[in-house]
Number of protein chains: 2
Amino acid sequence: MPARKRIDRERVLGVSLALADANGFEAVTLASVAKALGIRIPSLYNHVAGLPGLRYEMALWGLRQLGDDLRRAAVGKAGDDAIISLAHAYRAFAHTHPGIYRATLRAASPDESELVAASQDVLDVVLAVMEPYGFSPDDQLHIIRALRSLLHGFVDLEIGGGFGMALDRDESFGQLVELFVQGLHARQVRAVDR
Amino acid sequence: MPARKRIDRERVLGVSLALADANGFEAVTLASVAKALGIRIPSLYNHVAGLPGLRYEMALWGLRQLGDDLRRAAVGKAGDDAIISLAHAYRAFAHTHPGIYRATLRAASPDESELVAASQDVLDVVLAVMEPYGFSPDDQLHIIRALRSLLHGFVDLEIGGGFGMALDRDESFGQLVELFVQGLHARQVRAVDR
DNA sequence: TTGACAAACTAATCAGATTAGTTTATAGTC
DNA sequence: GACTATAAACTAATCTGATTAGTTTGTCAA
């Protein structure tokens with residue numbers, strides 16, 4: 001009877017990514033992916049290493065895409081403008097790809113070199129934007145953690161429906177970014193004083 | 001044969017909460033809870049409304065506890081001190097109860113009145129602390145969203161192993177809170193100017 | 001033409017959630 | 001002290017999903 005339906009790893013991943021954004025990260029099961037592809041569940045094991053393997057690939061794809069988006073957003077901008085642009089690109093990615101965004105939150109273990117590299121690539125973009133502010137290397141990292149916390153926290157709560165009040169979320173986000181930038185300047189002044 | 005092992009809803013919830021913090025939110029299954037209690041899975045349905053019901057109760061317990069902790073932390077303090085104390089209490093809760101913290105992230109639907117009330121109670125504590133800064137009601141809410149994003153983002157990344165660098169996390173958190181407070185002051189000054 | 005391989009399949013097992021229906025310990029009543 | 005209603009346990013059955021083992025079959029290249 002059947003064999004060959006021209007399915008490869010890319011098709012599997014593509015369908016999984018689409019399902020994640022359409023129905024949520026949790027909705028990406030081997031069952032739902034196989035159904036979308038018109039094949040039986042065990043056939044998927046010819047292309048990906050089970051559900052954990054599929055999730056790994058989703059995380060990798062997402063992190064790479066996020067890195068690209070952030071790089072694109074920061075190009076040709078400097079200082080506060082660059083940070084603001086970065087922030088909006090981060091949020092836009094999470095909005096466009098809510099399910100994939102969740103997938104990227106998987107922590108990379110040191111032996112997962114591709115994922116580590118993709119994470120480093122994202123970090124590099126932010127480091128480049130933070131460079132001109134002249135903080136010490138450690139402070140730079142502390143500040144990047146703060147920015148990442150702020151962005152992740154906001155979009156995670158937003159996606160999860162955690163903001164109950166009927167209050168414009170775009171406005172909230174704008175003020176949040178502004179607040180970060182102002183806090184950054186305050187710290188910068190203080191650092192120069194020393 | 002058997003009946004009566006003196007198990008009630010509180011015992012079920014208690015075991016579930018303990019499992020969540022010990023092994024993670026995902027590890028709280030009806031199977032693991034039943035095993036810990038020494039009963040069969042279906043017996044749990046005498047006490048909780050399945051897994052969704054159990055998760056609801058965990059979220060409710062967690063939100064109430066968080067509200068209590070925050071209130072305790074803010075008592076007798078004002079202004080920046082109160083905010084800093086609140087921030088550290090928030091993080092401490094997430095550290096002490098990582099699994100329960102995850103459970104609290106469940107968005108409350110309007111008909112889940114107990115959960116809505118518990119969420120409101122948490123919000124009230126933060127509103128009270130923010131009150132003296134003199135922002136407009138809307139701005140107050142925007143700023144609270146920023147604070148919540150910052151805190152949630154940090155602890156979520158922290159718990160999830162998202163901070164890869166070997167850099168002191170306590171120090172990062174301290175700087176993050178400081179940055180927020182300074183951003184707050186910058187916004188306050190600006191608001192007064194108008 | 002044919003044979004090796006990739007990629008599909010079926011079958012079987014396991015874990016977990018849920019529902020239906022059954023049994024029994026115990027608390028409260030007569 | 002016996003009796004009965006009920007709460008709280010149970011077994012059995014079903015369902016979904018993941019995984020592994022082993023089988024079959026197109027297709028490409030020699």
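Small disclaimer: the values here were computed from a predicted structure and weren't measured.
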Could you state the atom-to-atom distance from NZ of Lys35(B) to P of dA9(D) in whole Å?
-> 19 Å
ILVMFWY network linking Phe25(B) to Val15(B), side-chain heavy atoms under 4.5 angstrom | yes
In terms of hydrophobic clusters joined by side-chain contacts under 4.5 Å, are Leu127(B) and Phe180(B) together?
-> yes
Between the base of dA7(D) and the side chain of Asn46(B), is there a donor-acceptor distance below 3.5 Å?
-> no
Given the side-chain rings of Tyr101(A) and His97(A), with only the six-membered ring counted for Trp, is the space between their centroids under 6.0 Å?
-> no
Could you tell me whether Asp124(A) and Arg71(A) make a salt bridge, using a distance below 4.0 angstrom between a side-chain N and a carboxylate O?
-> no
Describe, in one word, how the ring planes of Phe163(B) and Phe154(B) are oriented to each other, choosing from parallel (under 30°), tilted (30 to 60°) and perpendicular (over 60°).
-> tilted
Take Leu184(B) and Gln182(A), measure what side chain to side chain contact (heavy atoms under 4.5 Å, CB included) needs, and give me the verdict at the end.
-> CA-CA 8 Å; Leu184(B) 200 61; Gln182(A) 287 172 348; over 6 Å; no
Looking at residues 13-27 of chain A, who's got a heavy atom less than 4.0 Å off DNA chain D?
-> none
In whole angstrom, what separates Leu44(B)'s CG from dA8(D)'s P?
-> 13 Å
Rounded to the nearest angstrom, tell me the gap between atom CZ in Arg6(A) and atom P in dG26(D).
-> 15 Å
Shortest non-hydrogen contact between His95(A) and Glu158(A), atoms and distance = NE2-OE1, 2.9 Å
Are OP1 or OP2 of dA7(D) and a side-chain N or O of His47(B) less than 4.0 angstrom apart?
-> no
Arg40(A) atom CZ is separated from dA12(C) atom P, nearest whole Å, by 15 Å
Under 3.5 Å, which N/O atoms of the protein pair with N/O atoms of nucleotides 18-20 of chain C?
residue : atom : partner  : partner atom : Å
dT18(C) : OP2  : Tyr45(B) : OH           : 2.7
dT18(C) : OP2  : Leu51(B) : N            : 2.9
dT18(C) : O5'  : Tyr45(B) : OH           : 2.9

Kindly point out which of dA18(D), dC10(D), dA8(C) is positioned nearest to the side chain of Ala31(A)?
-> dA18(D)
Do Glu171(A) and Arg145(B) sit within salt-bridge range, that is, some charged N less than 4.0 Å from a carboxylate O?
-> no
For Arg9(A) and dA6(C), what is the distance between atoms CZ and C1' respectively, to the nearest whole Å?
-> 15 Å
Phosphate OP1/OP2 of dC10(D): any Ser43(B) side-chain N/O under 4.0 Å | yes
Salt bridge or not for Arg102(A) and Glu26(A), using N-O below 4.0 Å?
-> no
Per atom distances to the Thr29(A) side chain, the nearest of dA9(D), dC9(C), dA18(D) is dA18(D)
